Amino acid sequence: MSEYFDPAKYEGWVCADCNIPLQLSKVDVSYLGNSFPVDLLKCPNCGLVLIPEELALGKMAEVEKALEDK
Amino acid sequence: MRPGGLTITEQALAHCDLQSGMRVLDVGCGAGATLRHVIAVYGLMGFGVDVSAELIARARQTNSQVEWMRARSESLPFASESMDVILSECTLCIFEIDTALSECVRTLNYGGYFVVSDLYARNENGAEALRQLPRGTCIGTAMPKTQIVEKLERAGLQISVWQDCSEKLKEFSICTLTTAAQVDPFDLHIAAAKAKLGYYFLVARKNNHR
Amino acid sequence: MDQKQLREQENRCIQEQAPACAAICPAHVDVRGIAAEIAKGDVVAALKLYRKAVPFPGIISRICDQPCKAVCLRKDLGGSIEIAALERACLEFGSSSEETVKQLPRKSKTVAVIGGGISGLTVAHDLARKGWGVVIFEAGDRLGGGLWKSPPDLLPRDVLINDLKIIEELEIEVRLNMSVGGSGANGHGTFLGKLSQEFDAIFLGVGPHSSEIPDLQMNDNGQIAIDPLTFQTSNEKVFAGGDVLRVSTLYPNRELKHSAILSISDGRRAAVSIDRFLQKVSLTASRVNEGSYETKLYTNTSTTTSQAPLIETDLSTRYNIEVAETEAARCIQCECLECVKVCPYLDHYKGYPKKYIRETYNNLAIVMGTRHSNQFINTCALCGLCAEVCPTDVNMGEVCHEARVTMVDQKRMPPSAHDFALRDMAFSNGEKFALAHSAPGLDSASYVFFPGCQLSGSTPEYVEKSYAFLRENFDNNVGLMLRCCGAPADWAARKDLFAQSQNEFYAEYEKLGKPKVILSCSSCYQMFQKHYPDVEIVSFWDVMNEHGKFKKREFPAPITIHDPCSTRRESHIHDSIREIITKMGGEIQELPLSREKTECCSFGGVMWLANRPVAEKMVQQRINESPLDYVTYCAMCRDFFARKGKRTLHIFDYIFGEEKSDLAAAPAVGFSQRHENRARLKEKLLRDLWSETMPDSGAFESIRLVLPEDVQKQVEDRLILVEDMQKVIEYAERTGKRMLNNSTKHYLAYFKPNSVTYWVEYTKNDDGSFLIYKAYSHRMEVGIGAPK
């Protein structure tokens with residue numbers, strides 16, 4: 001499983017619009033022209049993606065910094 | 001699949017004085033796409049080696065003119081001074097580099113061309129970040145330019161062209177370069193960014209024995 | 001960036017200059033380094049440093065005339081460092097039998113050294129170690145020349161003999177009883193003539209009697225002509241040293257001072273020339289600071305306390321190791337670092353301007369910026385304190401600002417580096433805050449009050465009151481302009497955004513009839529001075545001091561003043577502030593660093609966004625300087641100090657504030673509240689003074705949020721504004737695009753108004769407001785691939 005967040009923590013979340021549980025699937029993330037696929041929770045119907053807090057403030061922030069040379 | 005694909009191969013070969021009938025060896029030839037292209041375009045005699053039996057078997061099915069052999073680049077099944085051109089594309093940093101280089105130099109004719117395209121760490125100080133990645137990625141062993149140049153020169157090669165083509169890497173997802181599925185893609189990109197992972201090609205010639 | 005200017009700043013930094021002792025020593029013995037090593041207890045390392053400068057360490061440590069002692073900064077603070085005694089201690093406690101002399105492989109060319117005195121021996125030693133073959137010709141029957149004249153109790157003969165053993169170890173051939181002078185006419189007949197045929201180069205280290213050497217040209221003074229830089233004579237193969245050199249270069253001074261350390265220096269310099277001559281490279285290139293010179297290094301000794309050596313010392317004193325360590329520890333370890341001592345930012349990166357400028361230059365010149373260097377460049381507060389304390393006016397603020405300009409030009413500025421501050425600026429120049437009006441009832445203005453965005457954000461009521469004060473004192477002929485001066489864009493080196501802001505200002509300014517601009521914010525004042533040279537400006541504080549009627553107030557204790565760093569060059573403002581406080585009855589105790597030497601609160605240069613840990617150090621250093629209440633006259637300084645718990649007042653608190661409430665303890669105003677305050681200020685002033693209403697607000701603004709205290713703190717730390725969260729919820733509620741947690745019934749939604757995606761977890765309250773549980777953001781984009 002992915003090391004960047006724990007999907008088990010997010011089991012209770014559903015897409016409110018489509019009323020179906022989010023599923024782990026490949027989603028492209030990108031920054032400053034660099035793109036790569038990662039496993040994230042996504043609504044299989046409308047494609048709404050959940051970015052967990054720990055991912056946004058953790059690995060994502062690190063990638064942003066590294067790519068920015070900040 | 002590698003960054004830049006055949007475009008880089010052609011750019012690099014444009015710096016070589018190729019005559020039809022020359023003998024070209026592709027070290028780490030995979031399923032042989034590059035070699036098939038090169039022999040067709042330049043009229044060369046082709047030799048391909050790869051460690052993967054499966055890839056060599058696939059290569060054999062596609063072209064019977066080329067001599068396809070399963071071998072390690074650290075131990076090439078060819079006589080000394082038997083090749084005019086050696087191609088190493090996106091493979092150099094997965095080899096045991098010093099051994100592979102001395103094998104290639106042994107196999108090359110004096111004045112023969114050694115054509116490389118590969119990943120490198122544009123930020124010398126950031127290369128350490130790459131070493132922290134789990135084993136099994138060619139990214140983890142990418143070296144800075146100074147180190148690559150030094151290794152080639154020590155092996156008896158004279159570099160005549162070094163061209164950065166890092167823009168080709170941007171169009172190419174570096175995740176596909178790693179076979180180790182357990183690598184966290186975020187960690188991979190953090191390390192690549194810190195090292196300023198780039199792509200280059202070079203053309204070198206084997207020093208004359210004089 | 002102008003590389004010449006950069007280089008010029010780099011060259012001005014004197015930190016890498018040698019200390020006075022090493023500069024004045026003709027052989028440049030690293031006295032400071034030796035003392036540091038001994039003080040650390042590493043006599044072996046100390047001896048290594050000493051040997052590097054001196055080939056005959058035993059001899060020099062006993063007969064050196066120690067020119068360093070005359071310039072030692074300890075001289076009047078207990079007495080100069082006893083370096084010769086320390087050198088002897090190195091030899092005594094640091095020598096080992098395993099020491100070997102490193103020598104390069106033998107080369108084919110050979111050199112004749114005429115004269116076995118200490119300079120000749122130095123030449124022979126240096127050249128032999130470089131691999132050249134060396135033959136010494138000595139007129140007497142032993143090597144050492146004048147050394148044998150030293151009193152034996154000063155220079156024991158075993159020490160002398162022991163030091164000269166190295167000549168043998170280096171396999172230098174010695175021919176004794178060979179006199180250079182003598183017979184023969186021109187050319188081949190002379191001894192010198194013969195030697196020049198036999199050898200590739202000759203060193204002439206003989207006495208002053210030049211008449212004995214007939215082959216060399218004389219100068220106008222009748223002395224052998226010797227190049228003062230290279231020591232080369234008219235015969236390109238022949239180089240001179242020793243007394244013959246001294247007589248020639250010091251003419252007509254006939255007093256020959258014999259100094260062993262000077263002879264060593266002469267020998268070294270001649271050896272450099274000869275080595276280069278034999279290698280056929282330039283004799284003159286980059287030969288700076290050879291021989292004795294005066295250093296440019298500045299060392300501040302104002303806080304150094306006087307300390308005498310443990311025991312009285314002369315050239316025969318022998319230290320035990322403890323005494324040696326104590327003596328070495330007396331060394332002041334001269335260095336400048338004036339700027340680093342006052343700036344937590346410069347201190348943080350463990351270097352000094354010369355090194356920093358070099359790194360900055362490399363970062364810009366080599367197209368590849370690195371994170372470390374980019375962050376260094378963006379962390380500077382641009383406050384100019386370094387230049388103020390620098391003996392040579394090196395200004396890291398100018399360097400860093402120029403570097404930022406280059407980074408922006410090269411499109412290498414990290415996009416998020418200044419984003420928050422630039423968006424704050426955009427808000428202030430947007431319709432929520434920007435306003436330009438002549439006074440109620442008038443069409444144009446003689447004056448316009450420009451309070452700036454941060455005072456309006458922190459304490460909008462003081463803007464109202466000060467505007468009223470100005471109208472009262474200038475016959476109502478004062479307009480009002482609410483907007484940002486452009487400082488964030490200037491600090492972020494965004495010339496485009498600055499120009500845009502400037503153009504908007506000029507359009508309004510001209511409509512008002514080009515009034516005098518009254519500025520209360522010191523950053524605005526600085527920006528106007530720098531970028532609006534044609535606009536006449538007045539400091540609000542000067543006006544207040546002149547026209548204000550001040551009531552005496554209760555001051556329970558003395559207060560101290562923190563001058564905002566942007567007033568550094570504005571002593572008239574410093575004076576006005578102090579006069580105002582005095583008029584109100586306040587007693588002022590100055591901070592050690594105030595007025596032109598004041599420090600930045602970490603808001604300057606957008607430092608607080610670029611590097612939070614360093615910014616924290618900066619604030620902390622400033623607020624720790626006095627336990628008294630601080631009084632300042634910049635809204636950001638006030639809030640930055642208050643946020644760290646320092647009791648701080650804005651001078652407006654005294655002038656307009658409620659006397660009974662403890663305003664020094666008032667909390668800092670958060671980022672969302674600053675926007676809110678600005679918008680409300682504009683709305684209120686429009687309504688009260690001009691009977692106008694605000695333009696319609698966006699749909700998101702009607703979203704009411706409830707933020708528990710911990711969440712309030714969280715969003716403030718994460719630089720997420722109320723309006724950002726309002727936009728997320730408005731979007732989610734309108735479109736239904738949100739996630740629901742089945743057990744907690746919380747909603748989670750996101751919205752990306754610009755380059756940042758904001759996430760909010762919330763529930764809807766019965767009264768229609770929204771309770772926020774958390775908010776976070778990221779810049780990475782989701783679901784959008786790079787072009788393949």
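This is a predicted model, so every value here is computed, not measured. Residue numbering restarts at 1 for every chain, and letters A, B, ... go by the order of the sequence lines.
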(message) Is it true that C/S416 and A/E68 share a donor-acceptor pair across their side chains at a distance under 3.5 Å?
(response) yes
(request) Please round to the nearest 0.5 Å and tell me the distance separating atom CD of C/E730 and atom CZ of C/F770. (result) 9.5 Å
(request) With a 4.5 angstrom heavy-atom cut-off, could you sort out which part of C/S777 is near chain A: side chain, backbone, both or neither? (result) backbone
(request) Go through the atoms of C/Y747 and report whether side chain, backbone, both or neither lie under 4.5 Å from a heavy atom of chain A. (result) both
(message) Quick test of your reading of the model: are C/K617 and C/D347 salt-bridged, counting only N-O distances below 4.0 Å?
(response) no
(message) Counting only non-hydrogen atoms closer than 4.5 Å, does A/V63 touch chain C with its backbone (N, CA, C, O), its side chain (CB onward), both, or neither?
(response) side chain
(message) I want to check a possible cation-pi pair here: C/R423 against C/F420, using under 6.0 Å from ring centre and within 45° of the ring axis as the test.
(response) no
(message) Among A/L40, A/L67, A/I51, which residue has the highest count of heavy-atom pairs closer than 4.5 Å to chain C?
(response) A/I51
(message) Are there over 12 heavy-atom neighbours, none belonging to C/K355, within less than 6.0 Å of that residue's NZ?
(response) yes
(message) If I measure from the heavy atoms of chain C, does A/V27 come under 4.5 Å with its side chain, its backbone, both, or neither?
(response) side chain
